[in-house]
Amino acid sequence: MFQTEQNAIEEQIINIIAQKGLTIPEKIHWNAIPFSGEWGISTSFFQLAAQEARLNKTGQPQKLNVASLAQEIANAIAASITLPSGFSRVEAVKGYLNLYFSTADFSQRVVDTVLTQGDKFGWGEAKGQRILVEFSQPNTHKAFHVGHLRNVVIGDAICNILEAAGYDVIRANYINDTGLHVIKWLWNYQKYHLGERPGKDKTRWMGDLYAEANHRMEESPEAENEVRALFARWDQRDEEVIALWRESRQWSLDGFDEIYNLLGVRFDNIFYDHELEKPGQKLVEELIKKGIAIDERPEGPVIIRLDDLLGLKKETYRVLVILRSDGTSLYSTKDLPLAIEKFEKFNPDRSIYVIDVRQSLYLQQIYKTLAVMGHPDWSERCYHLSYEIVNLPGNVTIASREGTVVLLEDLVREAENRALEVVKEKNPELNSETMQEVAHMVALGAIKYPMLARDNNKIVTFDWKSALDFNGQAAPYIQYAHVRANSILRRMDGDLPDSTAPQYDLEPSEVQLIDLISRLPAEIQRAAQEYKPLHLTNLAYELARSFNDFYMQCPVLKAEPDIKSARLRLVAAARQAIANVLTILGIKAPQVM
RNA sequence: GCCCCUGUAGCUCAAUGGAUAGAGCACCGGACUUCUAAUCCGAUGGUUGUGAGUUCGAGUCUCACCAGGGGCGCCA
């Protein structure tokens with residue numbers, strides 16, 4: 001946010017270094033100064049000092065040299081640098097050069113920028129690059145549980161982050177509406193539930209019948225043959241089977257729509273498994289003809305020996321199975337034409353797959369297969385955004401087959417009930433409709449935040465106690481800070497005051513709050529670069545904490561007129577920054593709580 | 001056997017190779033005639049799994065080992 005000033009200072013530093021006959025560094029790296037009530041930027045000279053120490057070869061212990069040499073360089077620069085306007089002072093400390101902002105100028109700039117840009121504050125300039133993000137990938141005829149939730153929440157947040165960073169994003173879903181799990185479901189339905197229809201909660205009902213199908217199959221010995229026979233009828237496009245599939249599939253799709261609406265997630269493009277089955281089988285034949293795939297049928301499946309094709313001696317990508325020995329399709333049968341279709345249809349600069357970590361080898365195999373098929377460029381543009389799974393306490397894996405699931409609808413309902421209790425207790429004068437709305441926003445925020453607030457490759461352990469705990473580092477805390485800011489602004493007489501540089505010494509809590517607000521644009525870029533929503537959950541929390549600190553220490557409405565004006569604008573800017581970062585995370589910011 | 005991930009306070013987790021490793025929870029002690037106390041302040045709590053190495057500097061990079069989890073020819 002202070003690029004111009006940084007550049008001007010960098011130029012000076014480089015000149016001074018050159019005058020001293022020292023090696024000019026390739027890049028000057030700026031950090032924040034550890035906060036002590038003042039605000040500014042900082043760089044260190046250890047690298048430069050180490051370089052000089054090596055060149056001099058004094059034979060002295062280098063350890064002592066570097067620290068003091070870095071301090072000498074910092075001293076020299078501090079002594080001869082001319083501070084651009086907007087800076088209050090410069091200091092050399094422990095090898096660091098610290099440049100402090102004159103808070104009046106810079107805080108005005110930050111606040112003005114936020115209020116001018118409004119809900120686009122933090123957004124980067126358009127990069128002219130297209131990114132396709134595939135996420136969610138639900139299975140029809142199965143339950144939707146908290147394990148699937150992490151995928152949707154991360155995928156949605158990543159799309160928002162990339163969009164905010166300046167990319168053109170295509171949100172893609174890939175719905176698995178065919179496969180063995182569907183046939184099992186149809187078998188159970190035909191045999192034991194024919195004519196029944198789902199109730200209000202479609203996804204739960206579909207999931208229950210799927211779990212039941214698995215139990216029945218375990219119990220009855222003839223089931224496996226019946227299911228196989230049904231799969232064969234499906235493959236022959238038997239009218240009765242197709243009709244039943246079409247109807248039941250739609251129940252799942254309707255249920256998914258409800259879930260996505262509930263979560264506030266949308267898609268630009270939906271790919272369906274069943275559309276890729278035949279193209280996939282055709283593609284397999286081509287690959288066999290080209291000598292890329294090896295046909296071991298009928299004794300074995302159709303495979304691709306990736307290590308052999310790539311000339312790798314050490315086992316790396318191993319063997320990918322692309323068609324069953326009976327000719328029916330696998331995941332890979334369909335993922336290959338899907339990967340191709342994405343490029344042919346959208347030509348994205350990057351094609352991202354949000355899929356859990358257990359499929360990392362498989363996805364590398366798919367990407368490498370694209371390369372050996374003659375599309376190395378596409379292969380390189382593919383990226384597996386992997387994340388760890390959600391477990392239950394005691395390291396129990398969530399499995400829809402076993403029924404060890406926490407259903408999304410149960411979680412949301414419990415969280416809403418809990419949130420409603422708290423709203424009633426904390427703010428009884430709200431009308432019941434508002435209470436419901438607030439409870440909904442709080443519940444969903446509380447559910448989403450912990451899925452985003454730990455690193456993607458860390459396992460999330462779901463337990464009811466912490467899922468329903470709204471205290472501490474959690475979404476409701478951040479939402480509450482937004483509500484407090486909103487509350488002040490609601491009570492303000494008239495419009496927001498015009499911009500002025502504050503004519504008083506800012507409190508440390510004000511300086512810190514402004515500092516954090518100013519970091520949003522850079523943090524969005526970083527989160528996009530590293531595909532890590534975590535950076536934004538951290539910033540959101542720090543913003544809220546800093547605002548609460550400010551709220552405690554700095555009266556706004558009762559302050560002297562000039563102070564009041566500046567603080568009102570700061571409150572408005574803080575509210576905007578918090579709202580923006582929450583929006584990117586897919587979390588709503590309520591007006592009251 | 002090969003590969004990947006994780007290991008930081010009692011618990012759950014942070015920390016662009018850089019200044020004194022920080023939060024929350026839990027526990028203990030304080031603060032509501034003051035813009036919403038879903039808040040704030042204070043106290044306690046650390047050999048960053050172990051051992052080497054690279055570096056001026058390592059929780060962060062490299063290697064080995066230990067512990068836990070995951071993946072590896074017809075599941076998705």
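All chains are named by letter (A, B, ...) in the order of the sequence lines, taking the proteins before the strands, and each is independently numbered beginning at 1. Side-chain atoms are counted along with the backbone in the values below, which use heavy atoms only and exclude waters and symmetry mates.
- Separating the CD atom of A:Gln473 from the C1' atom of B:A38 is a distance of 15 Å, rounded to the nearest angstrom.
- Residue-level contact check: A:Asp273 touches neither bases nor backbone, having no heavy atom under 4.0 Å from any strand.
- Taking 90° from 0 as the syn/anti boundary, the base of B:G51 is oriented anti.
- Counting any heavy atom pair closer than 4.0 Å across all strands shown, A:Val302 reaches no nucleic acid atom.
- Residue A:Arg318 places a side-chain atom within donor-acceptor reach of the base of B:C72, judged by atom type and a 3.5 Å distance cut-off alone.
- Across all strands shown, the partner of B:C25 is B:G10, judged by Watson-Crick or G-U wobble contacts whose two distances both fall under 3.5 Å.
- A:Val357 comes within contact range of no nucleotide atom at all, as no heavy-atom separation falls under 4.0 Å.
- Among the heavy atoms of the strands lying under 4.0 Å from A:His29 is at least one base atom, whether or not backbone atoms are also near.
- Between A:Tyr367 and A:Tyr353, the ring centre distance stays below 6.0 Å.
- Rounded to whole angstrom, the span from the CG atom of A:Leu534 across to the P atom of B:U12 amounts to 17 Å.
- Nucleic acid contact class of A:Gln553 (heavy atoms, under 4.0 Å, all strands): none.
- OP1 or OP2 of B:C75 sits under 4.0 Å from a side-chain N or O of A:Arg324.
- Not a single donor-acceptor contact under 3.5 angstrom links the side-chain atoms of A:Ser487 to the base of B:C35.
- Using a 4.0 Å heavy-atom distance criterion, A:Ser42 is classed as a base contact.
- Between A:Phe46 and A:Tyr96, the distance from one ring center to the other falls under 6.0 angstrom.
- Residue A:Lys94 has a polar side-chain atom (N or O) positioned under 4.0 Å from OP1 or OP2 of B:U20.
- Of the side-chain N and O atoms in A:Arg484, one or more sit less than 4.0 angstrom from OP1 or OP2 of B:A37.
- Residue A:Glu296 is classed as having no contact, given no heavy-atom separation below 4.0 Å to the nucleic acid.
- Atom pair A:Gln47:CD and B:A58:C1' shows a separation of 14 Å (rounding to whole Å applied).
- Residue A:Asn457 contributes atom CG, which lies 16 Å from atom P of B:U60 at whole-angstrom precision.
- Among the protein residues, A:Asn391 comes within range of no part of the nucleic acid, since none of its heavy atoms lies under 4.0 Å from any strand.
- B:C25 and B:A43 have their P atoms separated by 16 Å, given to the nearest Å.
- No donor-acceptor pair under 3.5 Å is formed between the side chain of A:His141 and the backbone N or O of A:Ser252.
- Among the protein residues, A:Leu320 comes within range of no part of the nucleic acid, since none of its heavy atoms lies under 4.0 Å from any strand.
- Remark: A:Lys458 is in phosphate contact with B:A14, judged by side-chain N or O atoms under 4.0 Å from OP1 or OP2.
- For B:C65, the glycosidic angle deviates from 0 by more than 90°, giving an anti base.
- Distance from the side chain of A:Glu315 is smallest for B:G1 among the nucleotides B:G1, B:G18, B:A76.
- Among the protein residues, A:Tyr96 comes within range of the nucleic acid bases, having at least one heavy atom under 4.0 Å from a base atom.
- Taking atom CG of A:Asp295 as the reference point, atom P of B:C74 lies 16 Å away to the nearest angstrom.
- Annotation: side chain of A:Tyr331 is in contact with side chain of A:Asn176 (closest heavy-atom distance under 4.5 Å).
- Here A:Lys334 does not reach the OP1 or OP2 of B:A76: none of its side-chain N or O atoms lies under 4.0 Å away.
- Judged by atom type and distance alone, A:Arg545 does not reach the base of B:G24 through any side-chain donor-acceptor pair under 3.5 Å.
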ring-ring contact (aromatic ring centres under 6.0 Å, His included) between A:Tyr477 and A:Tyr480, worked out:
CA-CA 5 Å; A:Tyr477 176 90; A:Tyr480 183 64; 8.0 Å; no
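- One interatomic measurement links the two molecules: CG of A:Leu97 to C1' of B:G18, which rounds to 15 Å at whole-angstrom precision.
- Here the side chains of A:Tyr174 and A:Asp335 are in contact, with some heavy-atom distance below 4.5 Å.
- Taking only side-chain nitrogens and oxygens, A:Arg491 comes nearer than 4.0 Å to OP1 or OP2 of B:U36.
- Using Watson-Crick or G-U wobble geometry with both donor-acceptor distances under 3.5 Å, B:C35 finds no partner in any strand shown.
- Atom-to-atom, NZ of A:Lys558 to P of B:C35 comes out at 5 Å; the value is rounded to the nearest Å.
- What separates CD1 of A:Ile33 from P of B:A19 is a distance of 14 Å, to the nearest Å.
- Among the nucleotides B:A19, B:G73, B:A14, the one closest to any side-chain atom of A:Asn538 is B:A14.
- In terms of position along RNA chain B, the nucleotide closest to A:Asn456 lies nearer the 5' end than the nucleotide closest to the other residue of the pair A:Asn456 and A:Tyr551.
- You won't find any donor-acceptor pair under 3.5 Å spanning the side chain of A:Asn548 and the base of B:A38, going by distance alone.
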